[in-house]
Chemist: 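Sending over a structure as structure tokens; questions will come in a sec.
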Amino acid sequence: NRSGTAVRTLGCIISIDMDLGTRNAGFQEDKSEEPTAQITKFDSEEKSDAMSLKLDTVEEYNQIKPYAGMPKEVLLLYSSQARYKVPREILFWLTVACTLALVALTITVIALSPRCLSWWQMSPVYQIYPRSFKDSDGDGVGDLKGILEQLDHFDYLNIKAVWISPFYRSPMKDFGYDVEDFRDIDPLFGTMQDFEELLAEMHKRDLKLIMDFIPNHTSDKHRWFNLSRSGDPQYRDYYVWTDCNASNPKPNNWVSIFGNSSWSYDKVRGQCYYHQFLKEQPDLNLRNPHVRKEISDLIHFWLEKGVDGFRMDAVKHIFEAEHLRDEPQVDPDKPPEEITTEWDLHHDYTTTQVGLHDLLREWRAEMDIYSREPGRYRFLVTESYDYHEIEKTMMYYSTPLVKEGDFPFNFYLLDLPQNTSGLWAKHLIDLWMSNMPNGQWANWVVGNHDRLRIGTSAGPSFIRTINMMLLSLPGTVTTYYGEEIGMQNINITQDQVQDPAGRYNVSLSRDPQRSPMQWSDDMNAGFNPKTNLTWLPIHPDYKTVNVEAQMNDASSVLAQYRYLNILRESEMPLHRGWFCHVHADARVFSYLRELDGLSRAFLVVLNFDNEPAVTDLSSIMELPSQVNVLVSTVHTNKGKSMPKSQIQTEAGEGLLIQFSSNMKFNHNHKEQCYISEKACYLEAMGILYKC
Ligand code: GLC
Ligand code: MG
């Protein structure tokens with residue numbers, strides 16, 4: 001029976017030879033072909049060893065199809081036939097080639113892909129002064145629950161990043177910039193649970209939260225200060241102490257930002273301590289490694305809570321010279337007793353000391369540990385007023401090798417009202433762009449809780465134009481609460497003063513820019529709808545200047561802000577294209593935003609004068625001879641068409657013009673143009689690539 005099988009099929013001969021007594025389940029007879037010849041031959045060779053079959057006999061099996069379960073050795077004979085071998089080799093090399101091509105393609109795509117913009121580059125950073133935003137419990141002071149109630153406002157405005165001024169536990173001498181406990185929330189603002197709820201809800205809405213962080217000083221009520229003044233060995237050197245005369249406690253001529261000596265005598269310790277701000281805000285000694293450790297622990301504490309970044313307060317003051325020598329006077333002839341303000345001295349020993357940037361970079365590195373989580377980049381912005389020393393400001397940017405801030409606040413536009421004109425606007429913008437290190441990201445500030453509102457200092461007729469400028473410039477805009485509706489300073493009388501900076505000189509008070517947010521024309525402008533309390537007066541213009549009224553008015557400051565902010569996000573030339581200034585005179589400042597490879601581009605024409613102007617832009621070849629207004633700050637001028645040789649603007653009017661051109665201005669005018677995250681657009685494929 002066995003040999004019978006052997007006679008009938010090749011498979012069985014093999015199974016006999018290998019003495020495998022069972023019939024292979026995969027066996028299939030091939031009935032379509034007549035294997036007689038082969039069988040005869042095998043018969044005559046009498047159980048010859050199949051393994052010894054020569055290759056030249058392979059053709060003789062051509063007519064038997066391979067079948068599942070066919071023994072390996074025979075299968076090998078088949079597989080070395082040309083008709084199997086050639087396709088196999090082709091497939092093999094094809095796979096190799098495809099793999100290599102894929103690897104090459106991946107490398108090319110990575111190499112050619114421009115960086116995606118991060119969240120802090122795509123949205124304005126909106127500053128909330130929490131005392132003034134929304135009061136949920138009717139005590140007249142804004143709070144965290146109030147912010148939670150108003151989050152729809154950010155969805156409406158397409159704002160994705162919010163910086164909240166300090167809400168740590170504080171005796172409120174400097175309204176929260178004097179921190180008593182960095183790990184706690186002041187009861188005036190709510191509880192830690194309120195904070196956590198707020199953060200969770202913000203993240204749910206894809207909103208980022210930037211905390212104010214104050215590394216330079218604490219409140220004099222902070223536990224560390226109490227331990228330090230009583231001489232506790234561990235805390236002795238947590239602050240900057242020196243011997244001084246109790247009756248004239250001025251170890252040197254250094255002055256506080258808020259005026260007068262920056263030294264105060266402490267009876268408990270019998271020494272003087274240094275305070276760059278109020279006497280209730282003693283400066284920490286950041287040369288002490290224990291203090292540095294405390295600060296970095298705090299950074300971890302808040303990052304672990306999930307905050308998305310920090311605004312680092314007053315960084316230039318972090319170190320002072322240890323030698324405590326007098327600072328040089330601006331006017332050397334001034335009697336020393338008249339040296340009382342920060343403007344009287346050159347701050348060679350109290351600001352921007354060696355070691356400052358190393359420290360900021362250390363903090364940055366700690367933040368970067370948390371940035372590694374996908375989609376959780378932690379942002380750092382530094383606050384430093386360097387006035388005429390812009391090179392000092394630029395030091396806060398990262399370098400290609402060492403990371404520091406994402407950007408330092410650009411406060412230079414705060415000077416716009418000094419001389420509102422086209423040339424001055426161009427000068428201030430160029431000042432930043434030409435000093436900014438290559439490849440860094442710009443930003444623009446026209447107001448905050450420390451400076452007068454731009455709507456008042458530049459004048460109400462420029463509010464819309466300034467907003468148009470901010471939202472069409474390259475870089476991130478900071479929007480101080482209320483700027484989106486054109487809020488103005490309030491008037492403050494001496495007896496209304498809340499800000500300690502205005503206690504002696506009402507003109508130095510920062511209260512005018514801190515009045516409650518105007519939500520509606522209801523009681524207290526909707527800021528506190530419950531009781532008749534507000535910590536500062538509401539601006540009398542709230543009946544018309546409020547969010548609710550402006551939401552229902554297509555020609556409002558709010559509607560324009562919102563439109564431009566949405567446009568900025570959707571238009572690549574506006575959020576990541578070239579910025580080229582094309583014209584500036586006493587009245588008008590004009591610039592282009594364009595992206596290589598994309599024909600759609602924008603022209604911005606801003607009139608910073610109290611007179612109308614006609615601007616001739618006919619020399620700009622890239623502009624079509626006739627242009628159309630996409631947005632005007634004068635609502636009725638929307639859609640207007642005019643020749644480029646006669647661009648008309650009314651007094652204080654801003655125009656945003658969209659046009660189409662295949663020529664690019666930046667190609668022939670590099671010296672007038674800047675770009676941060678350079679990329680080109682491939683119109684055929686609809687992608688950006690590095691170029
Ligand atoms: C920053 C704040 C300011 C505060 C000061 C002291 O400059 O913006 O409001 O008074 O630091 O912390
Ligand atoms: Mg409240």
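For the numbers below, each heavy atom of this structure counts, side chains included, while hydrogens, waters and symmetry mates do not.
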Chemist: Kindly state each residue pair satisfying disulfide (SG to SG under 2.5 Å) with at least one member in residues 307-374, sequence neighbours excluded.
Modeler: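 Qualifying pairs: none.
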
Chemist: Check whether NZ of the Lys or CZ of the Arg Arg229 lies under 6.0 Å from the centre of the six-membered ring of Tyr265 and within 45 degrees of that ring's axis.
Modeler: no

Chemist: Tell me if the aromatic rings of Phe213 and Tyr168 count as close, with their centers under 6.0 Å from one another.
Modeler: no

Chemist: Please find out if less than 6.0 Å separates the ring center of Tyr235 from that of His290.
Modeler: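 No, the ring of Tyr235 stays outside the 6.0 Å limit from the ring of His290, centre to centre.
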
Chemist: Just by distance, with hydrogens left out, do Glu483 and Tyr126 show a side-chain donor and acceptor under 3.5 Å apart?
Modeler: no

Chemist: Whether the His357 and Glu404 side chains hold a donor-acceptor pair (N or O, under 3.5 Å, no angle test) is what I'd like checked.
Modeler: yes

Chemist: Could you note down all residue pairs passing salt bridge (charged side-chain N to carboxylate O under 4.0 Å, His left out) where residues 233-260 supplies at least one of them, sequence neighbours left out?
Modeler: none

Chemist: Regarding Tyr129 and Gln127, do their side chains bring together a donor and an acceptor under 3.5 Å, going by distance alone?
Modeler: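 No, Gln127 and Tyr129 have no side-chain donor paired with an acceptor closer than 3.5 Å.
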
Chemist: Can we call the ring centroids of His222 and Tyr238 under 6.0 Å apart?
Modeler: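 Not close enough - the centres of the two rings lie 6.0 Å or further apart.
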
Chemist: Is it true that Glu327 and Thr350 share a donor-acceptor pair across their side chains at a distance under 3.5 Å?
Modeler: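 Per modelled atom types, Thr350 and Glu327 side chains form a pair under 3.5 Å.
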
Chemist: In terms of ring plane angle, is the pair Phe225 and Trp241 parallel, tilted or perpendicular, where the classes change at 30° and 60°?
Modeler: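 Taking Trp241 first and then Phe225, their aromatic rings lie parallel (interplane angle under 30°).
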
Chemist: Under the 6.0 Å and 45° cation-pi test, does Arg451 pair with Phe411?
Modeler: no

Chemist: Does Phe182 have its ring centroid less than 6.0 Å away from the ring centroid of Trp302?
Modeler: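 Distance test on ring centres: not under 6.0 Å, no.
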
Chemist: Would you check if the distance from the ring center of Trp432 to the ring center of Phe407 is below 6.0 Å?
Modeler: no

Chemist: So, for His317 and Phe277, is the gap between ring centers shorter than 6.0 Å?
Modeler: yes

Chemist: Quick check: Trp535 with Phe527 (ring centres under 6.0 Å apart)?
Modeler: no

Chemist: Do you know which two heavy atoms are closest between Arg311 and Trp163, and how far apart they sit?
Modeler: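 Smallest interatomic distance, heavy atoms only, reads NE-CZ2, 3.1 Å.
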
Chemist: Would you say the ring centroid of Tyr239 lies under 6.0 angstrom from that of His217?
Modeler: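 Here the rings of His217 and Tyr239 have centres that are no less than 6.0 Å from each other.
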
Chemist: Can you tell me which residue pairs pass the ring-ring contact (aromatic ring centres under 6.0 Å, His included) test with a partner in residues 321-342, sequence neighbours excluded?
Modeler: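 As it turns out, the ring-ring contact (aromatic ring centres under 6.0 Å, His included) pairs with a partner in residues 321-342, which skip direct neighbours, are His323-Tyr349.
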
